[in-house]
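For reference, the structure discussed in these notes is given below.
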Amino acid sequence: MAKRYFNWKLAIVLVISVVVLGATAYALRQWQRGQRAEHGLEAGLEAYSQQQWEEAAKELGRYLTIQRDDVPTLFKYADAQLKIRPAKAGNVQQAIAAYRNILRIDKINSEAATRLTEIYLAMGMPGEAELIARRRLELDTRYSILDTRSQRVSSIQDRTDDLELRRLLALALAAQRKVSEAVAELKAIFQEQPEQVLAYETLGQLTEQRPENFAEPAAHWFNQAINNNPSSALAYITRAGFHLRSKDKAKALADLEQAEKLDLSDPAVRLRLAQEFIN
């Protein structure tokens, strides 16, 4: 009976062929995924520029399933989700997930922390809002010490974002009836930066809501904002809002007319002025 020999050369060739085919298939699949991702990014950015929010969210989401760490695109994706109308809970949750992903990538990203805090406040979840704000601010305290290896220093924009986040933290505290902590935070903000008009406004609004907790009337804080910022249109606009809530239209109109004479180069301030005139 003839002996059977195992053909090692043929076996090696077959193994190599299988490996090559597998590698080729994997590379092709990765290339196809990359192509779909690039197409999703291009289509998503185009839809975003055209304010087609639902389409932008869909296409950018397709791209982000592959390129998960693209922070600028994550911001656009979250923004698109929040601008879809009618708004749905799922859109908000997708935006939350995007902002949390940004904070996973960049723990000290002020913009992501601020927007996430705003969302939780709007959802009536002040505990979550406080947690996000405190976590970000505590990290900032650590990083604010000059790192001699990276020579990192905070920019002016970082500082401004931090002050806004501290104001939102105060709102979260107040919503949990931690009024004394909220007041202390707000006072600390405008003692450090007297031009932070929104901190005065927030304290004034808290006083309107809980007058029994404050020695000064609400008007005191709106007046303080103007006294410390006499050339600020926003200071007059915020006091006009207070006068409107107090049913004093004459004083509200006088403040709005004064605001018109001041610097209105900031689009947000111009929009706020228009809204108060409409009111």
Side-chain angles (χ1 to χ4, degrees), residues 71-72 74-79 81-83 92-147 152-207 209 221 224-225 228-229 232 234-235 237-238 266-269 271-272:
V71 169
L74 281 166
F75 270 116
K76 286 184 171 62
Y77 172 75
D79 187 48
Q81 289 284 5
L82 292 174
K83 287 177 176 173
V92 177
Q93 291 302 322
Q94 289 293 334
I96 288 173
Y99 288 133
R100 284 190 172 276
N101 198 22
I102 292 169
L103 290 173
R104 176 188 63 79
I105 299 163
D106 179 10
K107 291 182 174 63
I108 59 172
N109 192 299
S110 288
E111 186 179 357
T114 299
R115 293 189 183 184
L116 192 53
T117 302
E118 288 174 335
I119 292 173
Y120 281 129
L121 284 172
M123 292 174 67
M125 301 172 66
E128 283 295 320
E130 179 188 357
L131 180 64
I132 295 297
R134 283 198 186 281
R135 185 179 295 160
R136 166 62 185 81
L137 291 168
E138 286 169 3
L139 281 171
D140 190 63
T141 300
R142 291 183 219 165
Y143 283 107
S144 65
I145 300 171
L146 185 64
D147 186 333
R152 178 190 183 279
V153 291
S154 296
S155 68
I156 293 173
Q157 186 59 50
D158 287 338
R159 183 63 176 155
T160 302
D161 290 345
D162 287 349
L163 291 171
E164 174 59 12
L165 191 55
R166 287 170 62 187
R167 188 182 72 84
L168 294 173
L169 171 60
L171 286 173
L173 292 167
Q176 298 174 83
R177 300 185 181 279
K178 302 175 183 179
V179 179
S180 59
E181 292 181 55
V183 171
E185 190 66 61
L186 290 167
K187 286 183 176 179
I189 291 171
F190 56 67
Q191 283 168 2
E192 293 173 27
Q193 299 285 336
E195 68 274 15
Q196 295 299 312
V197 171
L198 293 180
Y200 296 96
E201 181 188 33
T202 302
L203 188 49
Q205 289 172 340
L206 288 179
T207 307
Q209 296 162 12
W221 301 113
Q224 280 288 95
N228 292 332
N229 301 277
S232 168
L234 183 58
I237 294 168
T238 58
D266 185 338
V269 174
L271 182 62
R272 181 80 183 268

So, for A172 and Q176, which heavy atoms are closest and what is the spacing to 0.1 Å?
O-NE2, 3.1 Å
Identify all side-chain donor-acceptor contacts of residues 179-189 below 3.5 Å with residues at least two apart in sequence or on another chain.
residue : atom : partner : partner atom : Å
E181    : OE1  : R134    : NH2          : 3.3
E185    : OE2  : R166    : NE           : 2.7
E185    : OE2  : R166    : NH2          : 3.2

So CG of N109 and CG of L139: to nearest 0.5 Å the spacing works out to 11.5 Å
For Y200, give me all partners under ring-ring contact (aromatic ring centres under 6.0 Å, His included), at least two apart in sequence or on another chain.
F190
Looking at R104, I want to see if its CZ is surrounded by more than 12 non-hydrogen atoms of other residues, nucleotides or ligands under 6.0 Å.
yes
Could you list the residues that satisfy side chain to side chain donor-acceptor pair (under 3.5 Å) with D79, not counting sequence neighbours?
Y48, K83
Non-hydrogen atoms of S110 and R136 that approach each other most closely:
OG-NH2, 2.5 Å
Applying side chain to side chain contact (heavy atoms under 4.5 Å, CB included), name anything that partners I105, two or more places apart in sequence or on another chain.
D69, V71, L74, N101
Side-chain contact test, heavy atoms from C-beta onward, threshold under 4.5 Å: evaluate it for L168 versus E164 and give yes or no.
yes
Taking the side chain as C-beta and beyond, is there a heavy-atom pair between E128 and M123 under 4.5 Å?
no
Using salt bridge (charged side-chain N to carboxylate O under 4.0 Å, His left out) as the criterion, list what pairs up with E195, not counting sequence neighbours.
none
What I'd like to find out is whether the side chain of R115 reaches to under 4.5 Å of the side chain of I102, using heavy atoms alone.
no
What distance do D162 atom CG and R167 atom CZ have between them, rounded to the nearest 0.5 Å?
14.0 Å
Please name all residues satisfying side chain to side chain donor-acceptor pair (under 3.5 Å) with T238, sequence neighbours left out, ordered by chain then number.
none
Atom pair CG/CG of L169 and L131 - distance to nearest 0.5 Å
11.0 Å
Can you measure from CG (L206) to CG (L173) and round to the nearest 0.5 angstrom?
10.0 Å
Which atom pair, heavy atoms only, marks the closest approach of V197 to A225?
CG1-CB, 4.5 Å
Check A113 against L103 and note the closest heavy-atom contact, atom names and distance.
N-CD2, 4.0 Å
Only counting residues at least two apart or in another chain, list the ones meeting side chain to side chain contact (heavy atoms under 4.5 Å, CB included) with T207.
F214, A218, W221
Just to verify, what does R272 make a salt bridge (charged side-chain N to carboxylate O under 4.0 Å, His left out) with, not counting sequence neighbours?
E201, E276
Once rounded to the nearest 0.5 Å, what's the spacing between atom CG of L137 and atom CD1 of I108?
12.0 Å
Heavy-atom side-chain proximity of L198 to L234 below 4.5 angstrom
yes
With sequence neighbours excluded, give me every side chain to side chain donor-acceptor pair (under 3.5 Å) pair touching residues 117-127.
R100-Y120
